[in-house]
Amino acid sequence: MSSHFPASIMKTNDIYDTKRSLANFHPTIWKEHFLSFTFDDALKVDGGMKERIEKLKEEIRMMVIASVQNPLVKLNLVDSIQRLGVSYHFEDEIDQFLEHMYVSYNNSLLFSSNDSQDDDLHISALLFRLLRQHGYRISCDIFLKFMDNNGKFKESLVEDERGILSLYEASHMRGHGEALLEEALEFTTTHLKAYIHLYSNINPNFASEVSNALKLPIRKCVPRVKAREYFEIYQQQPSHNETLLTFSKLDFNILQKLHQKEIAEICRWWKDLNVSTNFPFARDRIVECYFWILSIYFEPYFKFGRKILTKVIAMTSIMDDIYDAYGTFEELQLFTLAIKRWDMSMVNLLPQYMKVHYTTLLDLFEEMDKGIVNDGISYRSCFGKEAMKRQAESYFKEAEWLNKNYKPKYGEYMEVALASSGYELLSTISFVCMGDIATKEVFEWLFDCPQILKASTTISRLMDDVVSYKFEKEREHIVSAVECYMSNHGRSEDETCAELLKQVEDAWKTINECCLHPMNVPMPFLICLLNLTRVMALLYSHEDGYTNSKGRTKLLIQSLLIDPLHL
Ligand SMILES: CC(C)=CCC/C(C)=C/CC/C(C)=C/COP(=O)(O)OP(=O)(O)O
């Protein structure tokens, strides 16, 4: 848990003559960029363009459903479709194909002993990864044929660079206790690092593919970001499919325009909120918030969800800055009470800056209710509000600790810090906006804190605390997982960070296991939780890329929301 306030925090007197902390967060880097976005007419989707896209799409669909003598060859096509970010157009076709592959594999119909593909590490690893990604419980014993009698991968595999890379990606699908996949991860990581040096001159395209994979494997990376990265790689591959490449580029650019329009609308709302005047102490990060939410769902049909969720995360970000530093303890008591009551008349109890926040928050939930009311389902809205109340309560608990100068034990800290991570709230609101597949049972399941949610919140909290601690240990800040763990277990900072990051790795295994059949809720909800986790892995791997968004985060945003792909 971090407040990003330096030791030299400025103390200021406001109208209540109260000492408050003001942060030195950098201002927004986007200013009015998205407000004044001019849409490039050259990218306009006219009737002719629509027809062309439909034709390309149909061609790809036919490729996916065409019967071929050896279905294993189709795996590469399906993988590319997914990695280029267009699989949402062919979901049924891909599902059917993979189900067929799973049944055939289990009936030993895919690999025969005299078939050269039996020894093809790339094909085996790809089959394994694609099936697990779709929830099939394919055993990791598929890789036994590539191991020697000592349980090690055969050294001769090192010559098969593509196979090694595929095995590396497959190993990230591992669950608890899958020693073979742990071994695969170690073996492939070592060799991939060596390939980067080996190939940087003779095959720079492959070297950069490897380097991207080592930074973030497919399983842990936000699909949209991976897609943007993969375009560069895929188009350089001599074997690439031109129809698929063109279709995917057009689709990317069309979605980018849609996203630009959405963000322009959200930025107008943010501008009206007048953050720099009403909340000068808070992070001004609306574009980063949209990027966060775009990573959860990017498809056109989640437009409403993106709008609401972006506003929710932005309001929560201001709330975090109020609870972490700016609000006095007495104000926080009132604010928490007001949120728990959820009643506009409570606004009179609050100081001016909280009044603005509170009314905007209640208005926002009304906007959400209006958007879902057509579905005639009110329970979703109740779960949404309940999640926001819990968020405020957990923030308040932390403020209480700070107020009493109380240092919780690691377990006690984590119980509250998992809730304050905001991921229970974000997952609830994202489900609220997913339409009527979000039944009451789905929310009951979510509110029962299922394993996958616990794993996702653990990853968020620990990644946040580990990176924030490294950068802020010299500064005044409230208690964090790192401090609690160090003092409870008598460990050094390095040992603690290593232990906490091991807990992060274990949580990923839990997520992988929870995404296998039989599932407690339909796959789209699990994907949503998976994507929420992926944003953390992306933004918080080396620093807090949300708060300090001038570096890599800016480039990521630019690549998804500003630069179109060249056709
Ligand atoms: C990183 C995280 C837990 C995100 C959850 C999603 C969420 C609600 C994001 C809004 C912005 C926010 C509070 C970021 C964390 O800041 P911080 O590092 O100051 O949060 P803290 O005070 O809870 O540690």
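Note that the coordinates shown come from a computational prediction; the quantities given were computed from them, not determined experimentally. The figures that follow rest on heavy atoms only: side chains count, while hydrogens, waters and symmetry mates do not. We count ligands from 1, going down the list as the structure has it; atoms in each ligand are counted the same way.
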Below the 3.5 angstrom mark, is there an N/O of [X], backbone or side chain, next to an N/O of ligand 1?
X    : answer
T547 : no
Y546 : no
D464 : yes
R283 : yes

Only heavy atoms of [X], strictly under 4.0 Å: list the atoms of ligand 1 that pass.
X    : result
Y540 : 1 (C), 14 (C), 15 (C)
S317 : 10 (C), 11 (C)
D324 : 19 (O), 22 (O)
T316 : 8 (C)

Inset, instruction - Closest by any non-hydrogen atom to atom 9 (C) of ligand 1: pick that one out of I293, I313, L425, V312. - result: I313

Legend entry - Selected option - heavy-atom contact closest to atom 13 (C) of ligand 1, from I459, D320, V467, D544: D320

Taking the non-hydrogen atoms of [X], is any one of them nearer than 4.0 angstrom to ligand 1?
X    : answer
M536 : yes
E398 : no
S421 : yes
Y323 : no

Legend entry - Steps toward ring-ring contact (aromatic ring centres under 6.0 Å, His included) verdict (W445, F525): CA-CA 11 Å; W445 169 82; F525 297 109; 7.8 Å; no

When you measure from the side chain of [X] to the backbone of [Y], do you find a donor-acceptor pair of N or O atoms at a distance under 3.5 Å?
X    : Y    : value
N512 : R174 : yes
R306 : F298 : yes
Y540 : G545 : no

Inset, instruction - Measure L426 to ligand 1 on non-hydrogen atoms and call it side chain, backbone, both or neither using the 4.0 Å cut-off. - result: side chain

Inset, instruction - Locate the shortest heavy-atom distance separating P223 from R534; write the atom from each residue and the value. - result: CG-NH1, 3.6 Å

Legend entry - Derivation of the salt bridge (charged side-chain N to carboxylate O under 4.0 Å, His left out) call for R83 and E229: CA-CA 9 Å; R83 291 173 72 178; E229 214 175 75; over 6 Å; no

Inter-residue atom distance [X].[atom1] - [Y].[atom2], 0.5 Å rounding:
X    : Y    : atom1 : atom2 : answer
I296 : L532 : CD1   : CG    : 4.0 Å
Y395 : I322 : OH    : CD1   : 10.0 Å
Q260 : L561 : CD    : CG    : 7.0 Å

Legend entry - 4.5 Å side-chain heavy-atom contact, I339 and E393: no

